[in-house]
Engineer: 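Right, I'll just put the structure down here and ask away after.
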Amino acid sequence: MPSESYSEPFPERISRKVRNEGTSTPTALERMELHGASRLTRCSSSSWNDTAAFWISKGRSKSLDRPPPGGPSGVFLVAKEKDGSTEDSFLLTIDKKSLRERIEDLEYIANCSKKSHLLNQHSNSNKLSVKHTDKESISIQKDIEDLYRSIERNVFGREKERKHICCLLRKGPNAEAASSSTSKCYSVVGIYGIAGSGKSTLAQYVCDYEEAEGNHFNLVMFIHVSKTCRLDDIFRDMLEQISRSRPSGTKGLKSLCKELKGNLKGRCFLLVLDDLWVHYGNQKEWHIFLDAINAGQRGSRILVTAQTKDAAAALGAQEQIPIPDLGEDHYLSLFMHHAIQAGSVGYDVEYERIGRRIVEKLHRSPMAAVTVAKRLQRNKSLDFWERTANLDVLNETMGALWWSYQQLGTDIRRCFEYCSTFPRGYMLKRDMLVHLWIAQGFVKTSGATEDMEALGNRYFDELLTFSFLQMHRTVIGTEQFTIHDLLHELMERVAGSDFFRIDVNNGLPKEIPAEVHHLFVETYDRAGIIERILDLANLRTLILEELDGSMSKMLTAPPFKHTGYNDLSNQVVFESMLMRLRKLRVLIIRVRGYHNKLSFLVPSCIDQLKHLRYFRFRSPNYVNLIIPSTFSKLYHMQILDAPDLRLSCAEDVADLIHLRHCYPSLNLPNIGRLTQLQTMPHFRVGKEPGYELKQLKYLNSLGGTLRISGLGTVGGKEEALEAQLPRKKRLNVLVLDFNEKIYGDHPDVEAEVLEGLCPPEHLVQLCIWWYCGSMYPSWMLNHQHSDAPKHLDKLELCECRGLVSIPQGSEFFVHLRLLRIVSCGWDSLPDNMEKGLRSLQKLVIRSCRNIELLPTLPPSLQEITLVDVGKLRTSCKERGHRNWLKIQHIPNKKLYE
């Protein structure tokens, strides 16, 4: 359908009425249907806008500003966990306990009572159910994901185009000839076509072929550009794919440009620029880009995908290839591949017959085929397929996408709409999106026993399964996600005026809708923006991405002054913004383009944001964010994400009892009161009150990675047991750091402490640093120990001088796949490695210069890495030496100075 047919806006009056009347009750929907919404479909069922308005109003049946649950419901059940069951009584022993300890115990009891199934007997929600994941093996789940993504992508009907493009890329200037000062080392080939036509898939197909073939280009890079991509980000993406390491965010454009030229020099490369947009405002940047890549070897190529010919032409494309439609049979194969996997039960001619009717309506759009097919795969009923084939809405690509969108659950649709807050091509991350959805109240659990993060991840997986989100994975394993342009357009239309964006490409708007709830600001020009934001009293989300550091000048704290700016005036403006935007739930500030050491001061009036749940402050530099004591009044705060944080009154942060994720390594007293914490990367033990190891006692929701430092100050096993680490069943990685030893080494004491720090049974990786004891704890030795890890994947020993031999028959060691030994000062490795480490696949030895001879290594070993090991490295390279002979069965050997 032509884009102009959608120019008439949706009936916002209807959608707004639904939202404002508190549509969490069915009567609001009934009133909507009685007062005209249903008449839209009866009177003009062929109208896309009217039909969409009706369904959108139904989909938006829950208020966007639903208030948080109130206080206690009047029911209080004291409970405790014992052997996996819940008891409805609890005997609290209080003799010889301080008042603080009594309060902590009561808080823990109250928290347990909220999780009691007895408080949720009447819950009958029809939302997605969430199973407990505490006992699932994280390593197995990760393996499943990695294996699934490693399966070769299926490409249908593009072999002819792939051969043609590869031929164009290989012909031309002699790759062996040196570049002159006037010639270019590269030439440009363009692929153009409408959104969703398969340009990116074809370009990736070319990349995969050239990488596999491997004898023409010695460097292949695939970079997703999009409208909002910055030149420094493109340089970082290229350097990351070249060196497998992403450059620091503190590096400026000049430094990145110089580094890129050095890495490209003498190399014949193929660079894909996917989804390229070139406009008047970024012509200078593209001149800089072309100058940088001209450092490569002659014969290099750039392959551009774009929606128009102009984008590739701006880079000097000599060849332009329009993307052709897929052939009828190939298009059907693509559709059926996603609708019913080959070989599955029930795959017969009836499905293919109906499938042919459906694909006839989709006009050869690959995006429409994938989204519709994946929805059909979920429902294999022939009746459902027949009803779908009869839908007129599938006759247009956008209509097909809208139909797929309508099959999602109501809450999932709201989560998808929220993604329209971000510009097209914006790189999204799973955890960030899930936390934003939770902060906005879009993730509704059916009871206290359901975990909101688990349910939010189910929503995310649903969107990913049906291609509403697409994974964009960097070479270092970081997962980022994007939304296809066609789906982004659909998302903008169904989201209506609740969402608004100001970005550098579109310039400053004449006006911002007064009713906007979620605002994204990305601009080089601060003038006028803040003043306009002040009038948006209904804002729930404010994301400020400053590209030139102007926001930093507004937040800078004394004594850091900026010439030419009235810092006091700027501070007042920001304070006014916080005072007037009192409905904010999400505040994200990202400062870019500023390269001086700064301190940012958050105004004390931030306590006026009573509903704030998500606060994120990011900068490419090492920046001190100074938070006032009033921050502790934000009782609804769930996510605090500011890596370089200074607190005016640290002890008050412990009042944020709803805090779930704390990404900075805060050194807070009495952090044990934050019993809902799920993320806390670092806890430092100290002798001062409030920093004891027992602060971890009730933090049983902690997951991911936890580093406990300062263990050298712990007095013995009894103190260590108070941490109750076996209860932290969600932990993935645990680091036990015995540094900061106040009274020197005490091997026997440290052995007792390690004995009391038994990790949870599903731990994946354990690191022990600076441990001076000579004994392994019993939970490493005894396979009958009920709480100890049973299938530990990775073990790192750093500066552990006393641990040498590996216990025989220990289940703790027998499943290890990676062992890393760093700076241990050992004279030799354990003699029993062959039998004690039967599953070991990778061995890393770093900075252990006293080891001269290797024992017999496990036959399972696939990789050995030796770094700074002196004579050991030399002997392993000496043909015929005993060490050389012992590593010959290992396929991958890395020996470094």
Side-chain angles (χ1 to χ4, degrees), residues 145-172 175 186-193 196-226 234 237-244 264 267-276 293 296-297 299-306 312 317 319 321-327 330-331 333-334 337-338 341-342 366-367 369-370 425 427 464 467 469-482 484:
E145 291 296 323
D146 289 343
L147 288 170
Y148 178 75
R149 290 167 187 148
S150 67
I151 297 173
E152 183 179 2
R153 63 176 55 85
N154 289 276
V155 181
F156 296 88
R158 294 302 187 192
E159 185 66 18
K160 179 180 177 181
E161 288 80 7
R162 196 272 305 160
K163 290 181 179 179
H164 176 56
I165 293 172
C166 288
C167 181
L168 289 176
L169 294 174
R170 291 167 180 249
K171 77 176 184 180
Y186 62 88
S187 61
V188 182
V189 175
I191 306 173
Y192 67 93
S197 56
K199 303 181 298 296
S200 299
T201 300
L202 176 56
Q204 187 66 65
Y205 189 25
V206 171
C207 267
D208 291 344
Y209 178 83
E210 292 295 347
E211 278 190 317
E213 200 274 344
N215 61 9
H216 188 82
F217 300 105
N218 50 40
L219 176 61
V220 178
M221 297 167 284
F222 189 100
I223 306 296
H224 184 76
V225 183
S226 80
I234 294 175
D237 288 344
M238 293 177 66
L239 288 167
E240 182 179 4
Q241 295 195 25
I242 293 171
S243 63
R244 300 298 191 268
L264 293 179
R267 305 179 78 168
C268 182
F269 63 82
L270 168 61
L271 170 64
V272 174
L273 297 177
D274 183 43
D275 195 20
L276 180 67
I293 65 172
Q297 188 182 60
S300 296
R301 298 289 183 265
I302 302 175
L303 179 61
V304 172
T305 73
E319 299 281 353
I321 304 170
I323 187 79
D325 286 339
L326 285 172
H330 290 304
Y331 189 66
S333 297
L334 169 67
H337 171 77
H338 291 286
Q341 294 179 350
M367 176 53 65
V370 171
M427 294 299 173
L464 190 62
S467 296
L469 291 171
Q470 297 177 328
M471 191 173 69
H472 176 90
R473 191 177 185 181
T474 64
V475 294
I476 59 174
T478 302
E479 290 183 349
Q480 294 179 317
F481 302 84
T482 59
H484 195 278

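Numbers here are sequence positions counted from 1.
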Engineer: So, taking the atom named OH in Y205 and the one named CD1 in I165, what distance separates them when rounded to the nearest 0.5 Å?
Structural biologist: 11.0 Å

Engineer: Please name the pair of heavy atoms, one in C207 and one in V272, separated by the smallest distance, quoted to 0.1 Å.
Structural biologist: SG-CG2, 3.3 Å

Engineer: Is a side-chain donor-acceptor pair under 3.5 Å present for Q241 with D237?
Structural biologist: no

Engineer: Got a donor-acceptor contact below 3.5 angstrom from the K199 side chain to the I323 backbone?
Structural biologist: no

Engineer: Would you mind checking if R301 and E319 are paired as a salt bridge, meaning a charged N to carboxylate O distance below 4.0 Å?
Structural biologist: no

Engineer: Please give me the minimum heavy-atom distance between G190 and A317, naming the atom from each residue.
Structural biologist: N-CB, 4.5 Å

Engineer: At their closest point, which heavy atom of T482 faces which heavy atom of G425, and how far apart are they?
Structural biologist: CG2-O, 4.3 Å

Engineer: Does D275 offer a backbone N or O that forms a donor-acceptor pair with the side chain of T305 under 3.5 Å?
Structural biologist: yes

Engineer: Dump the intermediate steps for side-chain contact (heavy atoms from CB on, under 4.5 Å) on L326 and R158, then the final yes or no.
Structural biologist: CA-CA 8 Å; L326 285 172; R158 294 302 187 192; 3.6 Å; yes

Engineer: Drop me the distance from H164's NE2 to I321's CD1, to the nearest 0.5 angstrom.
Structural biologist: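 The distance works out to 4.5 Å.
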
Engineer: Working to the nearest 0.5 angstrom, can you tell me the gap between L168 CG and I191 CD1?
Structural biologist: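 Result: 9.5 Å between the selected atoms.
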
Engineer: Working to the nearest 0.5 angstrom, can you tell me the gap between M221 CE and E211 CD?
Structural biologist: 10.5 Å

Engineer: Just verifying a value: how many Å separate S200 OG and F222 CZ, rounded to the nearest 0.5 Å?
Structural biologist: 5.5 Å

Engineer: Given 3.5 Å as the limit, does a donor-acceptor pair link the side chain of E479 with the main chain of M471, or not?
Structural biologist: no

Engineer: Of the non-hydrogen atoms in L169 and H216, which two are nearest, and what is the gap between them?
Structural biologist: O-NE2, 4.3 Å

Engineer: Applying side-chain contact (heavy atoms from CB on, under 4.5 Å), run through M238 and I293 and close with a yes or a no.
Structural biologist: CA-CA 10 Å; M238 293 177 66; I293 65 172; 4.1 Å; yes

Engineer: What's the verdict on side-chain contact (heavy atoms from CB on, under 4.5 Å) for V304 and V225, showing C-alpha distance, side-chain angles and the deciding distance?
Structural biologist: CA-CA 10 Å; V304 172; V225 183; over 6 Å; no

Engineer: Could you tell me which residues satisfy side-chain contact (heavy atoms from CB on, under 4.5 Å) with S333, sequence neighbours excluded, listed by chain and number?
Structural biologist: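 With sequence neighbours excluded, S333 shows a side-chain contact (heavy atoms from CB on, under 4.5 Å) to F156, given in chain and number order.
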
Engineer: Minimum heavy-atom separation for A369 to Y331, with atom names?
Structural biologist: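 Looks like CB-OH, 3.4 Å.
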
Engineer: Backbone N or O of Y186 within a donor-acceptor pair of the S300 side chain at under 3.5 Å?
Structural biologist: no

Engineer: Atom CG of L303 and atom CG of L270: how far apart are they, to the nearest 0.5 Å?
Structural biologist: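 Going from the CG atom of L303 to the CG atom of L270 covers 6.5 Å.
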
